[in-house]
2 protein chains.
Amino acid sequence: MKRHVLIFGLVGGLLIATLQYTEYRFVVIEHSVELYSALVAILFASFGIWLGLRITRSRETIRETVVVREVLVPAEGPGFFAPHTAPFAPDTVRQQTLGITARELEILTQVARGFSNREIATQLFISENTVKTHCARAFDKLGAARRTQAVQRGKELGLLP
Amino acid sequence: MKRHVLIFGLVGGLLIATLQYTEYRFVVIEHSVELYSALVAILFASFGIWLGLRITRSRETIRETVVVREVLVPAEGPGFFAPHTAPFAPDTVRQQTLGITARELEILTQVARGFSNREIATQLFISENTVKTHCARAFDKLGAARRTQAVQRGKELGLLP
DNA sequence: TGCAAAATCATCCGAAAGGATGACGACAGC
DNA sequence: GCTGTCGTCATCCTTTCGGATGATTTTGCA
């Protein structure tokens with residue numbers, strides 16, 4: 001922690017040094033532009049540091065590590081069927097509105113499962129290029145630039161489990 | 001830490017150089033001093049903010065409180081009582097057993113959100129190389145070869161929302 | 001204070017992914 | 001027949017990822 005103070009001191013010293021240097025030049029060349037700029041720079045630098053401090057001060061939150069211990073209670077009885085056993089049904093409406101074809105969604109699902117393009121190609125008996133094409137189209141329709149982003153979007157939109 | 005001073009010195013030198021250079025140009029082109037000063041101000045303000053963030057990041061007193069929260073869960077499985085209302089809490093036990101550090105999980109979370117390494121680096125004020133290192137370690141601990149796979153595993157293991 | 005873990009950054013290199021574009025066949029609908 | 005959509009495949013090129021490895025700095029703890 002003391003190092004920070006030290007660094008602040010060093011930085012301050014550097015500032016003073018540069019100020020003196022530029023001041024000396026001003027005396028010689030008799031220009032006030034640089035002095036003015038240097039002052040503004042120093043002012044804003046300190047302001048920025050102060051701002052940074054203030055910003056991060058709010059970040060000084062007490063981080064609570066919550067350990068969730070799940071306690072099983074008897075089932076509620078009939079009428080409650082486990083949602084996990086039921087196969088996931090993608091939101092076909094949204095799929096249609098986005099214009100995502102069934103094949104594209106199929107490839108997207110495999111992407112979400114963590115498979116590479118080559119693996120997906122092997123699984124579906126198509127070429128890797130085709131997988132890439134489907135991916136590209138699906139990414140475009142989802143407004144995603146990366147496959148991870150596409151997966152995230154797909155889950156948000158209810159297209160992926 | 002000396003790096004900061006070094007960077008500051010470099011920036012200062014660059015500023016001096018540009019001062020000298022632009023002084024000549026101003027005389028010739030006769031640009032307004034205010035514009036120039038504003039540019040310098042913005043530059044130093046952002047630099048100061050960055051420096052402030054960097055310095056105070058270590059000051060982030062993390063008072064890590066472990067709170068064991070017992071949650072009643074129907075035997076049918078989790079996620080029936082509006083799981084979205086409760087903020088997600090990663091399975092710290094599993095995280096520990098896998099040896100995944102807090103930082104690695106933090107990076108992993110951003111990966112799951114679909115950000116690229118570069119974007120994550122910018123967000124967390126670290127270099128892209130560091131992000132890659134964290135990723136590689138996290139992937140190794142998760143037994144994943146790709147980031148999509150790591151995300152999938154992370155969700156399965158209750159590490160990611 | 002000194003040590004071990006964690007975090008940071010870097011470089012090299014190959015593999016994977018992504019963008020752009022063109023093409024071709026199948027099939028449905030008009 | 002013509003047209004539009006879909007699925008398929010390809011090439012070229014750029015960007016991004018990932019693996020391996022080494023180094024330095026920071027931090028937490030004994």
Side-chain angles (χ1 to χ4, degrees), chain A residues 1-7 63 65 95-96 98-108 110-151 153, chain B residues 1-7 50 53-64 95-96 98-108 110-112 114-151 153:
Chain A
M1 270 337 160
K2 297 166 200 162
R3 276 174 201 179
H4 297 153
V5 183
L6 188 79
I7 285 155
R63 189 179 296 173
T65 303
Q95 184 187 340
Q96 295 246 332
L98 289 173
I100 295 178
T101 68
R103 194 60 159 170
E104 284 160 5
L105 186 57
E106 191 179 358
I107 269 86
L108 209 56
Q110 297 308 95
V111 169
R113 284 183 184 156
F115 293 112
S116 71
N117 287 342
R118 188 164 301 173
E119 287 169 344
I120 296 171
T122 305
Q123 287 171 21
L124 302 181
F125 303 102
I126 56 178
S127 88
E128 192 180 340
N129 286 311
T130 306
V131 175
K132 286 169 73 174
T133 304
H134 285 309
C135 278
R137 293 200 185 131
F139 295 171
D140 185 46
K141 289 166 184 172
L142 284 171
R146 286 164 287 284
R147 45 177 51 213
T148 47
Q149 203 175 3
V151 169
R153 291 277 300 148
Chain B
M1 249 334 177
K2 290 171 189 169
R3 199 162 290 217
H4 296 154
V5 184
L6 188 78
I7 290 166
W50 172 80
L53 284 174
R54 234 193 127 74
I55 288 173
T56 53
R57 196 193 45 212
S58 55
R59 239 179 113 259
E60 212 178 321
T61 48
I62 302 174
R63 220 172 292 274
E64 203 147 357
Q95 183 187 343
Q96 294 246 332
L98 289 174
I100 295 177
T101 68
R103 194 61 159 170
E104 283 161 6
L105 186 59
E106 191 178 359
I107 269 85
L108 208 56
Q110 296 308 94
V111 168
F115 293 112
S116 72
N117 287 343
R118 188 163 301 173
E119 287 170 343
I120 298 171
T122 305
Q123 287 172 20
L124 301 182
F125 302 103
I126 56 178
S127 87
E128 191 180 341
N129 287 311
T130 306
V131 175
K132 287 170 73 174
T133 304
H134 285 308
C135 278
R137 292 203 185 127
F139 295 171
D140 185 47
K141 289 166 186 173
L142 284 171
R146 286 164 290 282
R147 44 179 49 215
T148 47
Q149 202 175 5
V151 169
R153 292 276 300 148

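Numbers restart at 1 for each chain; the letters A, B, ... are given by sequence-line order, proteins then strands. Just so it is clear, the values below take in all heavy atoms, side chains as well, and ignore hydrogens, waters and symmetry mates.
- Checking side-chain atoms of A/Gln95 against main-chain N and O of A/Ile100 turns up a donor-acceptor pair under 3.5 Å.
- Within the 4.0 angstrom heavy-atom criterion, base atoms lie near A/Thr130.
- Rounded to whole angstrom, the span from the CG atom of B/Leu108 across to the P atom of D/dC17 amounts to 14 Å.
- What separates CD of B/Gln149 from P of D/dC17 is a distance of 16 Å, to the nearest Å.
- Within 4.0 Å of B/Asn129, counting heavy atoms only, lies at least one base atom of the nucleic acid.
- Across the protein-nucleic acid pair, A/Glu128 atom CD and C/dG18 atom C1' stand 12 Å apart, rounded to whole Å.
- For B/Phe139, the side-chain atoms get nearest to D/dG19 when compared with the rest of C/dT8, C/dC9, D/dG19.
- In this entry the distance linking CZ of A/Arg103 with P of C/dA26 reads 17 Å, nearest Å.
- No engagement by B/Asp140 is indicated, since no non-hydrogen atom pair under 4.0 Å with the nucleic acid exists.
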**Candidate pair B/His134 and B/Leu124, rule side-chain contact (heavy atoms from CB on, under 4.5 Å), full reasoning** = CA-CA 12 Å; B/His134 285 308; B/Leu124 301 182; over 6 Å; no

**A/Phe139 and A/Leu108: CA distance, side-chain angles, deciding distance, side-chain contact (heavy atoms from CB on, under 4.5 Å) verdict** = CA-CA 9 Å; A/Phe139 295 171; A/Leu108 209 56; 4.0 Å; yes

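- Taking atom CG of residue B/Leu98 and atom P of nucleotide C/dA6, one finds them 13 Å apart after rounding to whole Å.
- Residue B/Asn117 places none of its side-chain N or O atoms closer than 4.0 Å to OP1 or OP2 of D/dT16.
- Across the protein-nucleic acid pair, B/Arg147 atom CZ and C/dA16 atom C1' stand 12 Å apart, rounded to whole Å.
- As a whole-Å value, the separation of A/Ile126 CD1 from D/dC6 C1' is 13 Å.
- Residue whose closest nucleotide on DNA chain C sits further toward the 5' end, between A/Arg118 and A/Ala144: A/Arg118.
- What separates NZ of A/Lys132 from C1' of D/dC9 is a distance of 12 Å, to the nearest Å.
- Under the 3.5 Å distance criterion, the side-chain polar atoms of B/Lys141 are left unmatched by any main-chain donor or acceptor of B/Leu98.
- Under 4.0 Å is where a charged nitrogen must lie from a carboxylate oxygen, and between A/Glu119 and A/Arg113 no such pair does.
- Residue side chain B/Thr133 reaches the base of C/dC9 through a donor-acceptor N/O pair under 3.5 Å, judged by distance alone.
- Within 3.5 Å, no donor on the side chain of A/Arg137 pairs with an acceptor on the base of D/dT5, nor the reverse.
- Here the side chain of B/His134 is nearest to one of D/dC17, C/dA7, D/dC6, namely C/dA7.
- Position along DNA chain C of the nearest nucleotide to B/Gly99 versus B/Arg146 favours B/Gly99 as the more 5'-ward residue.
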